[in-house]
Structures are given as C-alpha cells and as structure tokens.
Amino acid sequence: MNKRTAISIVMVAVVLSSTFSLAGNSTAEEIPRISVGQAIERAIENDVDLRQRALDLEIARLELEAAEAMAYVPSIGFSIELPEWTSVGWATDLTGNLSANLPLPWMTGRGLTTSLGLGVDLSDGFELSQVVWEIAFSETLNLGNLDAGTAGLDVLRSAVESAERALDESVGDLVRSVLTAYADLLGLRLQSEIDSTNAETVAADRIQVERNTAEGYASENDLLEAEIRLLEAEIQAERSLQVYETALESFSRETLGIEGVFKPIEIALDLDALLVAAASLTVIEEIPPAVIYGQTSVQSALDRVVAAEEALTEARADALPQLSLDASVGADQWRIGFGLSFDLFAPDRSVDVEIAETELELAHQEYEAAWMEAENTVIRLRQELHAAIDDIELLRLEIEKWTLEEPSMAARYEAGLISAETWDAFGEELEAFRVDAIAREMALLDAYLTYREALGLELDWEGWLT
C-alpha cells in the first residue's frame with residue numbers, strides 16, 4: 001500500500017465512529033488509546049536504527065571535537081624518573097621532565113615544543129644537580145598541498161554534516177513509515193467493522209427468510225442460499241478480525257516496543273488552518289537555490305566534486321617541493337636547519353593529472369544531474385501541493401451540490417417518485433463521497449508535509465497528527 005492510499009484509509013476511519021472492541025475478555029475501556037502522533041513519538045523512542053544514527057552523530061561530533069583539541073589546544077606532559085637505592089646510597093639523581101606541545105594545524109610538522117628537565121641530587125642533601133630546557137620548532141610546508149594540515153579536520157566536519165543529514169532523513173522516513181502503518185491498522189479495523197456489520201445484516205436477512213419460508217413466502221432453496229451467505233459473511237468477518245488483531249499486535253511490539261495491543265484513535269483535521277499553511281508554501285514560485293543545494297543527493301555530489309578538485313590540485317602540484325624548518329634553542333646551544341625535497345622525475349605524473357581531470361569532469365556531470373533531478377523533484381512536489389489545494393476548492397463545490405441534492409432525493413423517495421433501489425444507490429454514492437471527501441482533505445496534509453520536507457523545513461507533523 002502506497003502512502004497516498006494509506007492516508008486515504010486513515011480518513012475513511014475518521015468518517016466512522018469507532019465502536020470496535022477486540023475479541024476475548026478485554027473490554028474497550030481496558031485497551032489503551034494511542035493517537036497517530038503518540039505512535040510516532042513512541043516509535044522514534046523505540047527505533048533501533050534511529051538510535052544508531054543518533055549515536056553515529058554523537059561519535060562524529062566527539063571525533064571532531066577531539067581532533068580540534070589536538071590541532072589547536074596545547075598538550076602538556078610530565079614524567080619523573082625515580083633514583084635507585086643501593087648499598088652505598090642513592091645511585092642516581094631524582095629527575096623530572098615537563099614538556100608542552102603547541103600544534104599548528106595548517107602545517108604538517110610537530111609544531112612548537114618546549115621541555116624543562118630538573119635533577120635533584122639526593123646523595124648530598126636535597127639540591128638541584130641539573131637544569132635542562134629546550135624550545136624547538138619543527139614544521140613541513142608542502143607547496144603542492146597547503147591544506148594538508150587541516151584536511152583531517154575537514155573530513156571530520158563533513159562526517160558530522162553527513163551524520164546530521166542521515167539522522168534527519170531517518171526521522172522523516174520513520175514518521176512516514178509509522179503514519180503508513182498506522183493508516184493500515186485503521187484500514188484493517190474499518191474493514192473488520194464493515195465485515196462485522198455485514199454479517200449482522202446477513203444474519204437478520206437469514207432470520208427473515210426463515211420466517212418467510214415458514215409462512216410459505218419463500219422456498220427451502222431461498223433458505224439454503226441465505227444460510228450460505230451467512231456463513232460466507234461470518235467467515236469474512238472472522239478473517240478480517242484475525243488480520244487486524246495480528247497486524248495490531250505486530251505494530252505494538254515491533255514499532256512501538258510495547259506489550260499488548262492498543263486502540264487507534266481517529267484523526268481530526270483543521271482544514272482551514274491547513275489550507276492557510278499550505279498556501280503559504282506556494283507563494284514564492286521560484287525555488288530558492290539554497291533549497292536545491294540542501295538536498296542530500298546534491299550535497300553528496302558536491303562532496304565528490306570537492307574531492308575531485310583537491311585530487312586534481314594535488315596531482316598538478318606534485319612536482320612542487322616540500323620545505324622544512326627545524327629550529328631549537330636550549331640552555332647551552334641553539335640550531336636552525338632548513339630542508340628542501342622534491343621528485344626529479346615521475347613518469348606517471350602526467351597520467352595522474354589526466355585521470356584527475358577526467359574524474360573531476362565526471363564529478364561535475366554527476367553534480368549537474370543531481371541538481372536537475374532535485375530541482376525537478378521539488379517542482380513536482382510543489383505542483384502536487386497546488387493540485388491538492390485546488391482539489392479542496394473543488395471539493396467544497398461538490399459538498400454544496402450534495403447538500404442540495406440529498407433533501408431533494410429524500411423528498412422524491414417519500415413521494416414514491418423513485419424506487420427503493422434508486423434511493424439505496426444514492427445513499428451509497430453519498431456515503432462514498434463523504435469518505436472520499438475526507439480522504440481528499442488528508443491528501444492535502446500529505447502534500448503539505450512532503451513539500452515542507454523537500455524545502456528543508458521542519459516536518460511539522462505534531463500540529464496535525466495529534
């Protein structure tokens with residue numbers, strides 16, 4: 001069952017007041033009532049995949065936080081070497097070393113390090129025997145890849161953004177999935193109620209046929225056919241009840257994580273408020289580029305473009321040298337050293353550049369295709385929302401027509417101008433229209449929520465699915 005059909009079933013259930021009770025010893029009062037909004041909230045709390053997505057996001061954030069701390073925050077270390085005690089006294093001094101390191105994330109070396117060493121002579125009292133200190137600077141600059149020092153941080157930031165998008169998408173998918181499953185339950189319950197009512201009607205008809213047979217107005221064959229119809233109706237009613245109870249139990253256990261069953265609640269929809277909210281989304285005809293840019297498929301394609309550009313830059317700059325600088329100053333000496341390194345000849349360099357250029361061209365084409373597809377999707381969803389709004393306007397005219405036609409048909413039936421069959425057929429059409437009317441209202445909510453998600457807005461289901 002697709003989402004549109006499922007939502008229609010939800011509104012079919014809204015039309016009829018629920019008097020259904022589960023078979024067994026449990027009564028309706030003993031069964032908890034859970035609305036679709038409560039079901040979604042419970043499912044979000046219970047969903048294992050969603051919890052894993054949330055943990056993935058937390059891990060990605062912690063990894064980024066740890067990497068940024070290592071890249072920007074100095075580290076401090078302290079060590080002590082204890083002296084040895086021998087038969088002639090202390091064999092060595094008590095020494096300690098205090099060190100600090102200040103990383104430079106835009107470079108690839110060790111950064112700035114300092115150390116301070118102290119020694120204490122324990123053989124002749126508590127006196128300092130040595131003081132050693134040093135300040136050193138060591139860095140490497142790759143002219144072919146000036147961002148090499150921060151590349152790891154960029155990857156981790158991208159991982160956090162991807163995890164956030166994955167979590168948001170999972171929440172949206174779960175909301176729609178629970179809504180569909182909840183709609184299926186309402187549809188199964190409605191079918192069970194219809195089959196049960198039909199069985200009761202057939203049973204009453206069977207009693208009347210039995211009376212007519214006893215009075216001679218019906219034959220034994222008519223009674224046999226009535227018995228068969230009753231058995232078929234009872235079988236169908238029992239089958240529908242079993243299907244509903246099985247689905248309800250599975251939904252309770254697997255989706256909501258609760259033992260036992262519950263009673264789904266009908267949905268009340270504020271159509272006027274929904275029309276205003278839906279219309280507000282369609283005021284701006286031109287889709288903002290930020291909406292398309294924010295689509296997951298577009299972002300993924302853009303990441304591939306960025307990666308291909310970086311790969312091409314590295315391939316072209318592979319011939320550039322690497323510069324290094326080592327400098328230190330201590331208690332008794334200082335030194336400065338420079339270094340220069342590069343490849344004199346690399347036979348595969350030109351091929352690597354050509355491969356990188358081809359991969360970049362492919363990435364650009366994939367990005368353009370993803371952009372066009374995302375743009376067409378948003379436009380299609382906006383058109384569906386427009387159509388749903390227009391359909392509600394048409395629906396109101398149809399309601400006015402049926403409102404005028406119903407008393408007219410009733411008067412004609414009372415006057416004997418139309419047959420009972422024609423009146424019954426009109427009643428069935430009217431009831432079908434009422435069911436379809438609510439389904440069309442729910443279709444507007446479906447289009448509204450879907451378009452909001454496409455625009456990157458909050459899903460906003462709480463205010464409607466209560």
Side-chain angles (χ1 to χ4, degrees), residues 44-78 99-114 136-175 288-315 317 322 324-325 356 359-360 363-364 366-367 370-371 374 453-459:
I44 291 176
E45 296 175 357
N46 181 65
D47 189 74
V48 175
D49 180 68
L50 201 61
R51 292 202 298 268
Q52 291 176 347
R53 296 281 188 184
L55 291 176
D56 289 340
L57 175 58
E58 183 65 18
I59 291 174
R61 287 174 174 171
L62 291 175
E63 289 177 347
L64 175 60
E65 182 180 347
E68 289 178 337
M70 291 295 295
Y72 297 104
V73 180
S75 60
I76 300 175
F78 179 69
S99 61
N101 178 55
L102 176 61
L104 301 177
W106 55 89
M107 295 187 179
T108 59
R110 291 182 297 135
L112 182 65
T113 61
T114 62
F137 178 82
S138 176
E139 283 297 349
T140 301
L141 179 61
N142 186 354
L143 297 180
N145 186 11
L146 298 177
D147 297 329
T150 58
L153 295 178
D154 294 337
V155 171
L156 292 176
R157 292 190 183 101
S158 178
V160 171
E161 295 175 357
S162 298
E164 290 175 345
R165 291 196 298 267
L167 180 58
D168 292 340
E169 290 179 357
S170 295
V171 172
D173 292 343
L174 181 61
V175 169
V291 171
I292 309 301
Y293 182 79
Q295 302 298 311
T296 300
S297 58
V298 175
Q299 284 294 314
S300 298
L302 181 60
D303 291 340
R304 291 192 292 271
V305 171
V306 173
E309 290 176 344
E310 293 177 352
L312 178 58
T313 300
E314 293 180 9
Q322 290 187 357
S324 61
L325 171 63
E359 291 179 345
L360 177 59
H364 276 296
E366 292 176 347
Y367 177 73
W371 184 282
E453 186 176 19
L455 295 179
L457 302 175
E458 187 179 357
L459 199 56

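No experiment lies behind these values; they were computed from the predicted model shown.
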Between the CG atom in L302 and the CD atom in E366, the distance rounded to the nearest 0.5 Å is 12.0 Å
Could you pull out the closest heavy-atom pair between V298 and A370, with the gap in Å? CG2-O, 3.7 Å
Donor-acceptor under 3.5 Å (E453 side chain, E458 main chain): no
Rounded to the nearest 0.5 Å, what separation is found between the CD atom of E63 and the CD atom of E58? 11.0 Å
Using only atom types and a distance under 3.5 Å, with no angle test, would you say the side chain of Q295 pairs donor to acceptor with the backbone of A454? yes
Q52 side chain reached by L55 side chain, heavy atoms, under 4.5 Å: no
On a heavy-atom basis, the closest approach of A163 and A60 is CB-CB, 4.5 Å
Using a strict threshold of under 4.0 Å (side-chain N to carboxylate O), is an ion pair present between R61 and E164? yes
Please determine which of I59, V155, V160 meets the side chain to side chain contact (heavy atoms under 4.5 Å, CB included) test together with L64. V160
What distance separates E309 CD from L312 CG, expressed to the nearest 0.5 Å? 8.5 Å
Quick one, L62 and E65 - any side-chain contact, counting heavy atoms below 4.5 Å? yes
Would you say that L57 contacts R53 through its side chain, given a criterion of any heavy-atom pair below 4.5 Å between the two side chains? no
Stepwise side-chain contact (heavy atoms from CB on, under 4.5 Å) test for V48 and R51: CA-CA 5 Å; V48 175; R51 292 202 298 268; 3.6 Å; yes
For residues Y367 and A301, report the shortest heavy-atom separation together with the two atoms involved. CA-CB, 3.6 Å
